[in-house]
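One structure is given here, and the rest of the page talks about it.
Just so we're on the same page: letters track the sequence lines, and every chain starts at 1. Keep in mind it's a predicted model, so treat the numbers as computed, not measured.
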Protein chains: 2
Amino acid sequence: MEPDATLAFASHDHATCRETALAQAEAVARAQGLRLTPVRRRTLEILLEAHKALGAYDVLDRLAEEGFARQPPVAYRALDFLVEHGLAHRIRRLNAFAACLHPGEEHMPAFLICAECHALAEAPGVAVAEALQAAAASVGFDIERMNIEAVGLCPACRDSAA
Amino acid sequence: MEPDATLAFASHDHATCRETALAQAEAVARAQGLRLTPVRRRTLEILLEAHKALGAYDVLDRLAEEGFARQPPVAYRALDFLVEHGLAHRIRRLNAFAACLHPGEEHMPAFLICAECHALAEAPGVAVAEALQAAAASVGFDIERMNIEAVGLCPACRDSAA
DNA sequence: ATGAATATGTTATATCGTAACAAGTCAAGG
DNA sequence: CCTTGACTTGTTACGATATAACATATTCAT
């Protein structure tokens, strides 16, 4: 756990995208009448501050440092809530969670995970999702949720490998 | 674990597809000089016989019934070998493994998981994979492997829900 | 105020996966 | 043959991830 990686490949102002995402998340919560309680809000902030995928126990450690109980359900409940409402994503390949950078916006993220530096990017996956919907429809399957994840080399690591 | 589900939605002759897949797997092993040792072969057969996704410990239990040691590495090593060489797939959403039904054939499976009956289907995902490749390429990411998984309702469960 | 729904605290345990090292097997070259 | 190196398997021990279950507290609508 704890790779030192940026969440997106292109360099950008983390502070800004963090604040933007948090503001968007708050807007979503207000609009949908969600209760963004202290643990939940803090959990989201932790994910945004880390700016990478964190395991539930990493989140739990950070929560514990701030006075919340160090019990797995504390972290899992908050994380599950965020995922359920589209404020965070679960990355199955990593058994980890990452804040959603575009909460409320229509988007089906495809996750790109760098095998080398563990950077994680949320790529626009609408076209991918449509292709998958079509494939499912052709066999009569009705999709509710999907995970699209890829492992490979991010631009920086690909270049340094060459 | 242990849902009673078919691997594909359309009814078909399980015995035939099992034998076909096993024969294909053996051909792949011969062609690539892989050592399909007893544990490995038996593990593949177990997955094929189950005809659904099995957790590593389910596989381990079955192996143990046949005289292999009941130690996690026994199952994980065999399963990892099969996955590595394309004879089985790992379904991350289920923390489970399923035999590949088309070993050796060019195919990027997209997995469709029924939330109701836990049936699992391997849908043709070439179009999906291409869309994902394109999305990745647009940000300079080089894909090595990918997981495409969807949860929803299979035809039978969708109909009975209506 | 009060009951229903929701959220949190807490204990315990289930489930999934791997590190590390010893021992055995097997095939190819000397 | 027989040795040597690569691969495979046996075995112990543990680490990492996740959830069940129940008690308590808070919040919301009426």
Side-chain angles (χ1 to χ4, degrees), chain A residues 1-3 29-30 32-44 46-47 53-85 87-98 118 147 149 151, chain B residues 1-3 29-30 32-44 46-47 50 53-85 87-98 115 118 147 149 151:
Chain A
M1 236 357 87
E2 299 292 329
R30 260 194 312 277
Q32 302 188 9
L34 305 179
R35 294 169 62 183
L36 204 52
T37 60
V39 219
R40 292 169 177 175
R41 192 197 156 92
R42 197 65 202 98
T43 299
L44 179 56
I46 286 167
L47 290 178
L54 291 182
Y57 282 72
D58 291 329
V59 171
L60 182 56
D61 286 346
R62 286 168 161 76
L63 287 171
E65 285 168 5
E66 305 182 23
F68 295 98
R70 191 186 296 267
Q71 262 108 34
V74 170
Y76 280 102
R77 284 201 281 238
L79 290 165
D80 288 346
F81 172 89
L82 296 173
V83 170
E84 176 115 10
H85 295 94
L87 305 181
H89 298 292
R90 185 167 197 159
I91 318 296
R92 317 269 348 179
R93 273 200 89 100
L94 301 176
N95 291 328
F97 300 83
H118 304 114
N147 297 96
E149 302 174 7
V151 175
Chain B
M1 233 1 82
E2 300 295 325
R30 261 194 310 280
Q32 303 188 9
L34 305 178
R35 293 171 59 183
L36 205 54
T37 60
V39 218
R40 291 168 177 175
R41 192 196 153 92
R42 198 66 201 98
T43 299
L44 179 56
I46 286 168
L47 290 179
L54 291 182
Y57 282 73
D58 291 328
V59 171
L60 182 55
D61 286 346
R62 287 167 160 78
L63 287 173
E65 287 168 4
E66 304 182 24
F68 295 97
R70 191 188 295 270
Q71 262 109 30
V74 171
Y76 279 102
R77 284 200 281 236
L79 290 165
D80 288 346
F81 172 89
L82 296 174
V83 170
E84 177 116 6
H85 296 95
L87 305 181
H89 298 292
R90 184 166 195 159
I91 316 297
R92 319 263 353 173
R93 273 201 87 103
L94 301 176
N95 291 329
F97 300 82
H118 304 116
N147 296 100
E149 303 174 7
V151 175

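- Counting to the nearest Å, the P atom of C:dT8 and the CG atom of A:L79 are 13 Å from each other.
- Judged by distance alone, with hydrogens and angles left aside, A:Y57 brings a side-chain donor or acceptor within reach of the base of D:dA18, the pair sitting under 3.5 Å.
- Side chains of B:D58 and B:I46 form no contact here, defined as non-hydrogen atoms less than 4.5 Å apart.
- Atom pair A:N95:CG and D:dG15:C1' shows a separation of 13 Å (rounding to whole Å applied).
- Taken over five-pair windows at either terminus, the axes of the helix from C:dA1-D:dT30 to C:dG30-D:dC1 are inclined to one another by 30° (rounded to 10 degrees).
- Residues passing the ring-ring contact (aromatic ring centres under 6.0 Å, His included) test with B:H85, sequence neighbours excluded: B:F81.
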Set out, line by line, the N/O atom pairs under 3.5 Å between protein and nucleotides 5-12 of chain D.
| from | atom 1 | to | atom 2 | distance (Å) |
| --- | --- | --- | --- | --- |
| D:dT8 | OP1 | B:R40 | NH1 | 3.2 |
| D:dT8 | O5' | B:R40 | NH2 | 3.2 |
| D:dT9 | OP1 | B:T37 | OG1 | 2.6 |
| D:dG10 | N7 | B:R77 | NH2 | 2.6 |
| D:dG10 | O6 | B:R77 | NH1 | 3.2 |

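- As rounded to whole Å, 11 Å separates atom P of C:dT8 from atom CG of A:L63.
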#### Entry: Check against side-chain hydrogen bond (donor to acceptor under 3.5 Å, both in side chains), B:N147 and A:R92
CA-CA 9 Å; B:N147 296 100; A:R92 317 269 348 179; over 6 Å; no
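- In this entry the distance linking CG of A:L36 with C1' of C:dT6 reads 15 Å, nearest Å.
- We find that CG of B:L60 is positioned 14 Å from P of C:dT15, with the value rounded to whole Å.
- In this structure, A:E149 contributes its side chain and A:I91 its backbone to no donor-acceptor pair below 3.5 Å.
- Checked against salt bridge (charged side-chain N to carboxylate O under 4.0 Å, His left out), B:R70 has the following partners two or more places apart in sequence or in another chain: B:D61.
- In this structure, B:L94 atom CG and D:dT17 atom P are separated by 19 Å, rounded to whole Å.
- For the pair B:R92 CZ and D:dT17 C1', the interatomic distance rounds to 13 Å; values are reported in whole Å.
- For B:R41, the salt bridge (charged side-chain N to carboxylate O under 4.0 Å, His left out) partners at least two apart in sequence or on another chain are B:E26, B:E45.
- Atom pair A:D80:CG and C:dT8:P shows a separation of 13 Å (rounding to whole Å applied).
- Taking A:E66 as the reference, A:R42 meet the salt bridge (charged side-chain N to carboxylate O under 4.0 Å, His left out) condition, with sequence neighbours excluded.
- Distance check, rounded to the nearest 0.5 Å: CG of B:L82 to CZ of B:R90 gives 12.5 Å.
- Phosphate proximity of D:dT17 to A:R90: absent, as no side-chain N or O sits under 4.0 Å from OP1 or OP2.
- Under the 4.5 Å side-chain criterion, counting only non-hydrogen atoms from C-beta, A:F97 is not in contact with A:V59.
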